[in-house]
2 protein chains.
Amino acid sequence: MTKRKDEIYSDKEINLSEYAKALSHPARIAILKHLASQDRCICGEIVEILPLAQSTVSQHLKELKKAKLITGEIDGPRSCYCINKEKYIEMMELMDSLSSLIVKMKSDNKKGCC
Amino acid sequence: MTKRKDEIYSDKEINLSEYAKALSHPARIAILKHLASQDRCICGEIVEILPLAQSTVSQHLKELKKAKLITGEIDGPRSCYCINKEKYIEMMELMDSLSSLIVKMKSDNKKGCC
DNA sequence: TCCTTTTATCGTATGTTTACGATAAAAGTC
DNA sequence: GACTTTTATCGTAAACATACGATAAAAGGA
């Protein structure tokens with residue numbers, strides 16, 4: 001790459017793309033769903049519900065943490081994770097602002113456009 | 001990978017992850033925004049607004065088309081693209097259904113959880 | 001102190017993504 | 001038919017993602 005992304009794209013575009021990347025693997029969506037149903041849970045619990053190695057699950061958790069969609073805290077020998085609701089809401093606002101541009105469009109492109 | 005994704009994850013999880021992957025690059029978000037503002041446009045127009053090679057833009061358009069978020073039609077020597085509103089709405093419904101699980105959560109995780 | 005449990009990180013293999021330039025293909029114009 | 005315009009595809013290099021097993025590290029219990 002010859003230019004940095006932040007020279008090319010707006011902050012909003014970059015932020016939304018980073019949130020989207022966090023959701024771009026079904027394992028990470030499954031993790032979010034589980035966390036939503038449990039409020040919080042430890043890594044081992046997620047390892048049990050997914051047919052993935054513990055190291056792989058840990059890697060996915062790291063990705064979600066990097067995107068700030070979850071928080072993680074050490075709790076004795078365990079690690080306790082939960083959803084960062086605020087960031088999740090921020091992501092949805094970015095999604096919705098792109099969405100509103102699209103939903104507002106006049107055209108009714110049922111089959112193609114041109 | 002030892003198991004196929006569709007043996008592990010639900011259809012909804014896979015669909016949402018595929019839509020999210022399509023949004024996981026800022027260039028593709030910029031393309032969607034441009035298409036939303038123009039209703040339709042040809043590939044060359046997008047090449048002009050992004051500092052990327054024509055072949056790279058074409059590749060991003062292909063990704064968006066693969067995710068069905070845009071449609072493309074040949075129009076003489078040109079290619080005309082526009083947003084597939086229906087699929088976009090489907091994506092937002094999947095986002096919202098994950099979202100509603102999270103927003104409904106009782107806990108107020110301002111700083112961590114455990 | 002040693003053992004167990006739990007999780008993160010390392011090393012690594014394999015596959016995917018992203019970028020580019022070069023080229024091919026499709027269609028209109030001269 | 002030759003030339004131009006426009007776009008897709010090919011080839012390729014570099015970077016990133018995803019999976020695993022092995023290992024390290026942190027903390028509690030015997």
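Every value quoted in this text rests on a predicted model; they were computed, and no experiment measured them. Just so it is clear: chains get the letters A, B, ... in the order the sequence lines come, proteins before strands, and each one is counted from 1.
- Residue B:Ile74 is classed as having no contact, given no heavy-atom separation below 4.0 Å to the nucleic acid.
- Summarising the geometry, atom CG belonging to A:Leu98 is positioned 14.0 Å from atom CD belonging to A:Glu93; distances are rounded to the nearest 0.5 Å.
- Looking only at side-chain heavy atoms (C-beta outward), A:Leu23 and A:Met91 come within less than 4.5 Å of each other.
- Checked against C:dT6, C:dC20, D:dA8, the side chain of B:Ser79 finds its nearest nucleotide in D:dA8.
- If B:Lys66 and B:Val57 are placed on DNA chain C by their nearest nucleotide, the residue sitting closer to the 5' end is B:Lys66.
- Between A:Glu7 and A:Arg4 a salt bridge is recorded (basic side-chain N to carboxylate O distance below 4.0 Å).
- Side-chain N/O atoms of A:His60 include none lying less than 4.0 angstrom from OP1 or OP2 on D:dA17.
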- Item | side-chain hydrogen bond (donor to acceptor under 3.5 Å, both in side chains) assessment of B:Tyr81 paired with B:Glu73 | CA-CA 6 Å; B:Tyr81 287 96; B:Glu73 279 178 30; over 6 Å; no

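- The residue among A:Gln54 and A:His25 whose nearest nucleotide of DNA chain D lies closer to the 5′ end is A:His25.
- Here C:dT6 is the nucleotide among D:dC20, D:dT7, C:dT6 with the atom lying nearest to any side-chain atom of A:Arg78.
- Listed pair B:Ser58 / D:dT7 fails the phosphate criterion, with no side-chain N or O lying under 4.0 Å from OP1 or OP2.
- Note: A:His25 and A:His60 have tilted aromatic rings, judged against thresholds of 30 and 60 degrees for the angle between ring planes.
- Regarding A:Glu48, its CD atom lies at a distance of 10 Å from the P atom of C:dT7, rounded to whole Å.
- Between the CG atom of B:Leu52 and the C1' atom of D:dT7 there is a distance of 16 Å, given to the nearest Å.
- The phosphate of C:dG21 (OP1 or OP2) has no side-chain N or O of B:Ser55 nearer than 4.0 angstrom.
- Rounded to a whole Å, the NZ atom of B:Lys21 is 9 Å from the P atom of C:dT16.
- Toward the 5′ end of DNA chain D lies the nearest nucleotide of B:Lys65, the other residue of the pair B:Lys65 and A:Gln59 mapping further downstream.
- Separating the CD1 atom of A:Ile14 from the C1' atom of C:dT18 is a distance of 16 Å, rounded to the nearest angstrom.
- What separates CD1 of A:Ile8 from P of C:dC20 is a distance of 8 Å, to the nearest Å.
- Atom CZ in A:Arg4 sits roughly 18 Å away from atom C1' in C:dT18 (whole-Å rounding).
- Of the side-chain N and O atoms in A:Thr56, one or more sit less than 4.0 angstrom from OP1 or OP2 of D:dC20.
- Taking only side-chain nitrogens and oxygens, B:Tyr81 never comes nearer than 4.0 Å to OP1 or OP2 of D:dT6.
- Atom-to-atom, CG of B:Leu61 to P of D:dT9 comes out at 11 Å; the value is rounded to the nearest Å.
- Distance CG (A:Leu64) to P (D:dT18): 11 Å, rounded to an integer number of Å.
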